[in-house]
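Okay, structure first, notes after.
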Amino acid sequence: ALHAKYEALVRAIRPVLPEVDAFHKALYVVYHTYAVEKQYDKIRAAAADLVAKAEAAAKATLPARLAAKAEAYKTAVAELVEAAKALDAAGKAHDHDGMEKGVDVLHTKYQAVEAVFN
């Protein structure tokens, strides 16, 4: 358990994949600020960037030491891309409930991607 917590701290400083880290940085603001404050225009504006960052993460190659986790990563990140696209669609439709749910689903899918590395 101690080693797992240490690994998590190291990932905060040196993430496994820069593309996943870039996605997380964008999601963090949306999840912890825009969604909490119900800033729908800002969520809508950020959604396309989240799609692009999720797609970049999907194209990323895992380091050789994580090759055994490639299939799990591929599955998790594909679901992340779909969730980002759903959020973007809700934003374009000005569906506030859809955006709120979409942010929550996207956050859950991001956590599933991170769990691959645990």
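Source: prediction; values computed, not measured.
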- For the residue pair A26 and D49, what are the closest heavy atoms and their distance?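 The pair with the smallest heavy-atom distance is CB-OD2, 4.0 Å.
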- Item | Non-hydrogen atoms of T61 and L17 that approach each other most closely |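 Smallest heavy-atom distance, with atoms named: O-CD2, 3.4 Å.
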- Query: Does Y40 share a hydrophobic cluster with V51, counting links as ILVMFWY side-chain heavy atoms below 4.5 Å and allowing steps through other members?
  - Reply: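 Y40 does not cluster with V51.
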- Please answer: with hydrophobic residues joined when any side-chain heavy atoms are less than 4.5 Å apart, are V105 and V116 in the same cluster?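 Per the 4.5 Å side-chain linkage, V105 and V116 are not co-clustered.
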- Item | Which residues share a salt bridge (Lys or Arg N to Asp or Glu O under 4.0 Å) with D104, sequence neighbours left out |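 By the salt bridge (Lys or Arg N to Asp or Glu O under 4.0 Å) rule, D104 matches no residue at all.
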- Message: Once rounded to the nearest 0.5 Å, what's the spacing between atom NE2 of H24 and atom NE2 of H107?
- Response: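 Going from NE2 on H24 over to NE2 on H107, the span is 6.0 Å.
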- For K38, what residues pass the side chain to side chain donor-acceptor pair (under 3.5 Å) criterion, not counting sequence neighbours?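 Checked K38 against side chain to side chain donor-acceptor pair (under 3.5 Å); matches are E100.
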- Query: Does the side chain of I43 reach to within under 4.5 Å of the side chain of L87, using non-hydrogen atoms?
  - Reply: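 I43 reaches L87 side chain to side chain.
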- Any side-chain hydrogen bond (donor to acceptor under 3.5 Å, both in side chains) pairs touching residues 66-79, not counting sequence neighbours?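 Output for this query lists E79-K109.
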- Item | Selection residues 81-99 - residue pairs positive for side-chain hydrogen bond (donor to acceptor under 3.5 Å, both in side chains), sequence neighbours left out |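 For residues 81-99: R44-H94, D88-K92.
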- Message: I'd like to check the side-chain contact (heavy atoms from CB on, under 4.5 Å) partners of A54; sequence neighbours left out, ordered by chain and number.
- Response: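 A54 satisfies side-chain contact (heavy atoms from CB on, under 4.5 Å) with F23, L80, V81, A84 once adjacent residues are dropped.
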With a 3.5 Å cut-off and sequence neighbours excluded, list the donor-acceptor pairs that the side chains of residues 28-36 form with protein atoms.
none

